[in-house]
Every structure is written in C-alpha cells, then in structure tokens.
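This report concerns only the one structure given below.
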Amino acid sequence: MLGTAALLDRAEIECQLVGISALKRGEPGWRPPALFCALMLATWHEFSDVRLAEVLDDRASFRHFCGFAAHERTPERIAFVRLAGCWSSGAGPGHWSRR
C-alpha cells in the first residue's frame, strides 16, 4: 500500500475534489479525498460498502492510504452509499454534499 500511496498526487486529488461539500447533518463530515481513496480501495479489492467500512476500521495500511489517523473514526457504510448515490444520479462535484 505504501508504494501505491506514493504514486498518488494528493494535492491534485484535493484540487479536483474541491467542489465537494463535507457538510455536517447530525453526523461527521468526511474529507472528500479520504472518501475518494477509500472508493479506490473498494474498486481494486471489490469490497462492498459494508466490507469497506469494516476494513477501514480494522486495517492500518488501508487507514493510512486514505489519510485516517490510527485514533480517528472512519466512515460507516452509509457514507459510501450516499456518495455512490450522488455519482449514479449524475450529480457533479458541486452537488456531492451529504444529505
């Protein structure tokens, strides 16, 4: 994972995701680059939303890849379900808020 993480241009990812809102609505807002990296992991490893949430909570290498500290909470599956729902609806970055 460390080798793959070194290949990512985190500044560019942050720049591309700048329009995504991480608004709070009674629950934590997640940093868009962290969610993006988590979704890359899910794609590469064919994780379901539930499994992705489990491995992010359990595996230090996956947490580090996504930018989560060892003591930091990680998203629950609903965060990934909502983001996927925004993507499937065709909403652009300006519409990717947590609702």
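In what follows, every heavy atom counts, from backbone to side chain, and hydrogens, waters and symmetry copies are set aside. Worth saying up front: this structure is predicted, and the values here are computed from it rather than measured.
The backbone N or O of S48 lies less than 3.5 Å from no partner atom in the side chain of R77, so there is not a single donor-acceptor pair.
For residues 37-50, there are no salt bridge (charged side-chain N to carboxylate O under 4.0 Å, His left out) pairs, not counting sequence neighbours.
Scanning both residues, L56 and T74, for their nearest heavy atoms gives O-CG2, 3.6 Å. In terms of heavy-atom proximity, A53 sits nearest to E76 at CB-C, 4.1 Å.
For A70, there are no side-chain contact (heavy atoms from CB on, under 4.5 Å) partners, not counting sequence neighbours. Residues that satisfy the salt bridge (charged side-chain N to carboxylate O under 4.0 Å, His left out) test with R51, not counting sequence neighbours, are E54.
Taken from SG in C66 to CG in L52, the straight-line distance is 7.0 Å, to the nearest 0.5 Å. Rounding to the nearest 0.5 Å gives a distance of 10.0 Å between OG1 of T43 and NE2 of H45. Put simply, CZ on F47 and CG on L41 are 7.0 Å apart, with the number rounded to the nearest 0.5 Å.
Between F80 and W30, the gap from one ring centroid to the other reaches at least 6.0 Å.
At a threshold of 4.5 Å between non-hydrogen side-chain atoms, the residues V55 and R63 do not count as touching. Put simply, the side chain of R73 does not reach to within 4.5 Å of the side chain of F68, judged on heavy atoms.
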List the steps, then state whether side-chain contact (heavy atoms from CB on, under 4.5 Å) holds for R31 with F36.
-> CA-CA 9 Å; R31 295 181 310 278; F36 178 78; over 6 Å; no

